[in-house]
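Data block below; observations after.
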Amino acid sequence: MKDGIIIKKYNSYYYVQGETSVIECKLRGRFKKNRYSLCVGDKVQYTLLGDETGIIENIFPRQSVLLRPLIANVQQVIITFAAKNPDFNSSLLDRFLVLAEYSELDIIICLTKIDLLNRAEIETLVQEYQKIGYTVIKVSNVSHEGVEKLTSLLNNKISVFAGPSGAGKSTLLNRINPKLNLKTGMVSDKIGRGKHTTRFSELLSLPEHGFVVDTPGFSLTEFNDLDERAISECFPEFNKVEGSCKFNSCLHLHEPQCKIKNAVDHAAISENRYQSYVEIMDEIKKTKRGF
Ligand SMILES: Nc1nc2c(ncn2[C@@H]2O[C@H](COP(=O)(O)OP(=O)(O)OP(=O)(O)O)[C@@H](O)[C@H]2O)c(=O)[nH]1
Ligand SMILES: [Mg+2]
Ligand SMILES: [Zn+2]
């Protein structure tokens, strides 16, 4: 048997990246009886039936499962936002960050289109997030600045690229590996028709061991089913505040003597970030009430 990783699923076929080629595989019957469903990213063992066909015999335990999009064994998310066109939206970035933190993924923020904004404004954006402790990589797909630096952080990992439609995810992946030849689209067309250029998920190989997943914009922004008590832990700077709130169960909203609100008042936590927290908490409450 040989080891491989599922890079694509189509009807009842699984495409497994072997050592040198992609093998079209079916699943052993006993898995079907258990209704066991495999997904992209699953690590498997297969036997070859022909040169390019095989059968999956074994599935290795998953290290992680990302639900939207459904991919196993993802280690890292590259949250991709444009500095301009579409305009930078920190509240939307915070939503992506919370969902990535909630899924316990390693996070890199990638700021694209830095050729469209002046240096001073870019630094203001970048510093707000670096201050919290996030790695921020600045990229231009026009001048290629920053592309090499980002590429070096992708080796030997499965990384998912997420971010709004038009941020430049597919363009960036094409820069990283021109062989991918992913479809890209004009921002004005995307907004006009509300369409995303990228539609489904598959693992794409990088030249230096590693896989990336290109996702359609907005695939990571739903807060259904999240536990409201866990949201504050998804804000790393909240966790760093010393001391404690008056109430153990404090949600840092309207409660008195709250260390988080106190930190906001003293500018130890930024107003913007706290506002994002409040918005997300509101949204979770509304979903729970069935709106
Ligand atoms: N000026 C500039 N334009 C860029 C840059 N990166 C991407 N673009 C342009 O932005 C547009 C959108 O790029 P895409 O790569 O399709 O965006 P996407 O994030 O994959 O969008 P979806 O697939 O819809 O989620 C294209 O017209 C690109 O040429 C950049 O660094 N600078
Ligand atoms: Mg795309
Ligand atoms: Zn509190």
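One-based numbering, in listed order, for ligands and for the atoms of each. Sequence positions, counted from 1, serve as the residue numbers for this chain. Keep in mind that the numbers below use all heavy atoms, side chains included, and drop hydrogens, waters and symmetry copies. Values in this document were obtained by computation on a predicted structure and should not be read as measured data.
- Looking at Thr171, Asn141, Asn85 and measuring to atom 13 (O) of ligand 1, the nearest heavy atom belongs to Thr171.
- By the 30° and 60° cut-offs, the orientation of the rings of His252 relative to Tyr277 is tilted.
- Scanning Lys113, His144, Arg175 for the heavy atom closest to atom 10 (O) of ligand 1 points to Lys113.
- Between Asp214 and ligand 1, no pair of N/O atoms sits closer than 3.5 Å.
- In terms of modelled atom types and a separation under 3.5 Å, the side chain of Lys169 and the main chain of Gly163 share a donor-acceptor contact.
- No side-chain heavy atom of Arg28 sits under 4.5 Å from any side-chain heavy atom of Ile56.
- With no hydrogens or angles considered, a side-chain donor-acceptor pair links Lys26 and Ser12 at under 3.5 Å.
- For the Zn ion (ligand 3), the neighbouring protein N/O/S atoms at less than 2.8 Å, given as residue and atom, are Cys245 SG, Cys250 SG, His252 ND1, Cys258 SG.
- At least one side-chain heavy atom of Ile158 sits under 4.5 Å from a side-chain heavy atom of Ile5.
- For the side-chain contact (heavy atoms from CB on, under 4.5 Å) with Leu172, the qualifying choice from Thr184, Thr151, Val147 is Val147, the only one to do so.
- Here is the list of ligand 1 atoms found below 4.0 Å of a heavy atom in Leu116: 1 (N).
- Backbone or side-chain N, O or S atoms of Ser165 do not reach the Mg ion (ligand 2) at under 2.8 Å.
- Between Gly168 and ligand 1, a contact under 3.5 Å exists for at least one N or O pair.
- Near Pro164, the atoms of ligand 1 lying under 4.0 angstrom from a non-hydrogen atom of the residue are 19 (O).
- The shortest distance between side-chain heavy atoms of Lys261 and Cys250 does not fall below 4.5 Å.
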Checklist entry - Under the side chain to side chain contact (heavy atoms under 4.5 Å, CB included) criterion, do Leu253 and Met281 qualify, and how do the steps go? => result CA-CA 9 Å; Leu253 296 169; Met281 292 296 277; 4.3 Å; yes

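- Neither Ile6 nor Ile55 shares a network with the other; the hydrophobic side chains, linked directly or stepwise wherever heavy atoms of I, L, V, M, F, W or Y lie under 4.5 Å apart, form separate groups for each.
- The distance criterion of under 3.5 Å between nitrogen or oxygen atoms is not met by Thr184 with respect to ligand 1.
- Relative ring orientation between Phe235 and Phe238 is described as parallel, the plane-to-plane angle staying below 30° on a 0-90° scale split at 30° and 60°.
- Between Val139 and ligand 1, no N or O atom pair is found at a separation short of 3.5 Å.
- Those atoms of ligand 1 that come under 4.0 Å of a heavy atom in Ser140, given as number and element, are 31 (O).
- Residue Asp115 approaches ligand 1 through these ligand atoms, each under 4.0 Å from one of its heavy atoms: 1 (N), 2 (C), 30 (C), 31 (O), 32 (N).
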Checklist entry - Given Phe96 and Phe81, is the ring pair (Phe, Tyr, Trp, His ring centres under 6.0 Å) satisfied, shown in steps? => result CA-CA 10 Å; Phe96 275 86; Phe81 267 69; 5.5 Å; yes

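- In this structure, the side chains of Ser90 and Glu128 stay at 4.5 Å or more apart for every pair of heavy atoms.
- Between Lys183 and ligand 1, not a single N/O pair is under 3.5 Å apart.
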